[in-house]
Amino acid sequence: MSEAVASAPTVQAKGLRGGALGMVSSMVIGMSSTAPAYSIAATLGFIVLAGTGFKAAAFILLSFVPVLFVAFAFRELNAAEPDCGTNFTWATRAFGSRAGWMTGWVVTVAQLLVMSSQSALTGRYTLLLFGADGLAGNRAVTTAIGGVWLLGLCWLCYRGIEVSARVQWILLGIELAVLVVFSVVALGRVYGGSAGAQANLPQWSWLWPSGVSVGTAVSAVLLAVFIYWGWESSLSVNEESTDPRHAPGRAAVLSTVLLVLNYLLVTVAALAFAGAGENGIGLGNEANSGDVLAGLGGAVFGSSGLGRVFGLLLIVSVLTSGAATSQATIMPAARTTLSMATHGALPKVFGRVHPKYQTPTVSTWTFGLVSLALYALLAVWSDNVLSDSVDAVGLTIAIEYTMTALACVWVFRRTLLTSVRNFFLRGLLPLVGGLFFLAVLVLAVREYAKPDAGETTVFGIGGVAVIGVVSIVIGFPLMFAVRHWCREFFAGRRLPRGSVPRGGDVIEAQQRRSRSSSVSRGTSSVARPSRTPTSGGRPTRL
């Protein structure tokens, strides 16, 4: 790789706690952010209703492939430049300041919208957990409880990355343990012959999408592909990792693999036990589509004392899923705006870090309070609008993945032919993943624009498309308004286009110095962050 002539301006250390997370902790954060229990519970029924039947498992598996390709792009970009701004930073390097800023905006919009969904979920399932089923339908009560959860999780994120990671371990552990128990018991009853007449023995053919029409396949993919969103959160804490360049990228890829295995296990177990019929507990029954696990809990575990306990644990798993996702959404959102402020793309106040906890302060609480205000507004406005707002997240996710995958191809274009590995992992596979999500974006806008696609319509256009497009477009006037305070960034002098620093060299040096200093003092604590530049000196042209 040749050295660029110009040298990039140095960026001051962000003040985050370096060396706080291992690869497994990063992976836990990535998996938690996807809300495995809630995602599969709320989506599987709709995939079956799209006309896939038992082939729903095939589309869960098929949708994983482009997600994995995009995960490779995240890993390669992170290895070159481990910045907690991730998409924002890399898109700026590839396509310039305006494209980078808008990418950061789109990612933030997605996180804000999904926080409304998770707050509503935690509010409702908290009441269900305590047997207050009647209040679970009361919008004011669920909104209030969901808001308390949101603020409490913001406080945890504010108190430190280690505290947040420990909580994530607990929440994800409960969630996955319950899903595994559910799947094992369901499959055990199917093979033991006690599941009922609706049960079916699992077939390998369920994993191959043959015999499904193109229209059905498109609908199923649009539904299935977004249950994986969130694994990239493991990269947003890269600067707090023990190995910033490599561990977060590996954690991201492993997160996607573990997610697909988890989803396939639960999907096959649910299909085998309940079948795809339109009556009773069948997954093709519209009455069960909103939460298939809740509908199957009593049938799988029975109504005995132990059965009721496991049925209650299913509720706990969905509740912990919502809480873990909310917390794992706050962390990357705060770090995105922190990075943007550090690089001069937002006012400096968003770059403040707590001197003791070493977490973003203004960014964390601003995101939390804006999320709370948006959630309250949507909840008071209409449950239908809230539902369509959540579905609109799909449009922002498609843009996020498209931009990151294509940024990988463009930034590394000069090295693609230097090795077979680079050609596939930096070029072909990310390109396929990026083009796939670009196609998903176009198809999603077309589908969501249909008047009957969601719960609301605006001038004859589906509310999901309207909310998604308007949320994204709002970013343009905001970007032009911010330019007044961020002239250096938009002039391309803070994150020069077409170059990346030598990834992680300074961060790793800081950590080595911190460890040496700790050893000399006879303690293993992490040293206070230095004010040395994190960008490295001279950029490398790729």
Side-chain angles (χ1 to χ4, degrees), residues 11-12 14-17 29 33 83-89 100-120 122 143 146-161 163-164 230 232-233 236-237 239-240 323 325-379 389 393 396 400 471-472 474-486 489 494:
V11 178
Q12 295 299 311
K14 299 182 182 69
L16 299 173
R17 189 183 295 276
I29 290 172
S33 190
D83 188 289
C84 66
T86 60
N87 320 75
F88 150 75
T89 305
W101 198 96
M102 282 303 300
T103 300
W105 168 254
V106 167
V107 172
T108 303
V109 165
Q111 292 160 336
L112 284 170
L113 291 177
V114 83
M115 282 298 291
S116 297
S117 166
Q118 299 307 324
S119 297
T122 51
T143 301
V148 171
W149 268 103
L150 195 159
L151 292 176
L153 293 169
C154 274
W155 180 79
L156 278 176
C157 293
Y158 166 76
R159 279 301 305 271
I161 188 66
V163 175
S164 299
E232 66 274 18
S233 295
S236 68
V237 292
E239 296 187 46
E240 292 147 288
T325 302
S326 295
Q327 186 185 8
T329 301
I330 295 166
M331 286 189 287
R335 282 152 181 80
T336 296
T337 50
L338 169 70
S339 179
M340 293 178 75
T342 303
H343 289 297
L346 285 178
K348 292 180 181 179
V349 66
F350 290 99
R352 291 181 180 174
V353 172
H354 196 282
K356 177 182 178 182
Y357 303 137
Q358 294 178 275
T359 56
T361 53
V362 175
S363 288
T364 297
W365 286 110
T366 299
F367 178 79
L369 293 174
V370 172
S371 297
L372 179 61
L374 181 63
Y375 167 48
L377 175 64
L378 293 175
S389 298
V393 173
T396 59
E400 173 189 351
S471 298
I472 295 166
I474 287 174
F476 287 99
L478 284 177
M479 178 177 66
F480 286 109
V482 167
R483 288 181 65 182
H484 175 73
W485 294 279
C486 308
F489 171 78
R494 298 298 293 270

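Predicted model, so just to flag it, every value in this text is computed and none were measured. We count residues from 1, following the sequence as given.
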Distance-only criterion, 3.5 Å: show the donor-acceptor pairs between side-chain atoms of residues 474-485 and protein atoms not counting sequence neighbours.
| from | atom 1 | to | atom 2 | distance (Å) |
| --- | --- | --- | --- | --- |
| H484 | ND1 | R487 | NH2 | 3.4 |

Ignoring hydrogens and angles, write down the donor-acceptor pairs under 3.5 Å from the side chains of residues 104-118, residues two or more places apart or on other chains.
| from | atom 1 | to | atom 2 | distance (Å) |
| --- | --- | --- | --- | --- |
| W105 | NE1 | S471 | O | 3.0 |
| W105 | NE1 | I472 | O | 3.4 |
| T108 | OG1 | G104 | O | 2.9 |

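Judged as a side chain to side chain contact (heavy atoms under 4.5 Å, CB included), and not counting sequence neighbours, V148 has no contacts. Residues that satisfy the side-chain hydrogen bond (donor to acceptor under 3.5 Å, both in side chains) test with S119, not counting sequence neighbours, are absent from this structure. Partners of W365 according to the side-chain hydrogen bond (donor to acceptor under 3.5 Å, both in side chains) rule, which considers only residues two or more places apart in sequence or in another chain, do not exist here. Taking the side chain to side chain contact (heavy atoms under 4.5 Å, CB included) definition, one finds that V362 meets it with V349, F350, R352, T366, sequence neighbours left out. Legend: residues meeting side chain to side chain contact (heavy atoms under 4.5 Å, CB included) with T122, ordered by chain and number and at least two apart, are W149, L319, A323. Every residue two or more places apart in sequence or in another chain was checked for a side chain to side chain contact (heavy atoms under 4.5 Å, CB included) with A376, and none qualifies. Scored by the side-chain hydrogen bond (donor to acceptor under 3.5 Å, both in side chains) test, S326 finds no partners at all (sequence neighbours excluded). Residues satisfying the side-chain hydrogen bond (donor to acceptor under 3.5 Å, both in side chains) criterion with S371, sequence neighbours excluded, are absent altogether.
Between the side chain of S164 and the backbone N or O of L156 there is at least one donor-acceptor pair closer than 3.5 Å. Remark: the backbone N or O of E232 is not paired with any side-chain donor or acceptor of S236 at under 3.5 angstrom. With E239 contributing its side chain and C84 its backbone, the two residues share a donor-acceptor pair below 3.5 Å. With T396 contributing its side chain and V393 its backbone, the two residues share a donor-acceptor pair below 3.5 Å. The backbone N or O of G230 lies less than 3.5 Å from a partner atom in the side chain of S233, making a donor-acceptor pair.
Taking CG from D83 and CZ from F88, the interatomic distance works out to 7.5 Å, rounded to the nearest 0.5 Å. Here the straight-line distance linking atom CG of L153 with atom CD1 of I330 works out to 5.5 Å at 0.5 Å rounding.
Applying the salt bridge (Lys or Arg N to Asp or Glu O under 4.0 Å) definition to pairs two or more places apart or across chains, those involving residues 330-345 are E240-R335. Residues in residues 150-159 take part in these side-chain hydrogen bond (donor to acceptor under 3.5 Å, both in side chains) pairs, two or more places apart or across chains: Y158-H354, R159-Y357.
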message = Assess the residue pair T103 and N87 against the criterion (side-chain hydrogen bond (donor to acceptor under 3.5 Å, both in side chains)); give the C-alpha distance rounded to whole Å, side-chain angles, the decisive distance to 0.1 Å, and a yes or no.
response = CA-CA 7 Å; T103 300; N87 320 75; over 6 Å; no

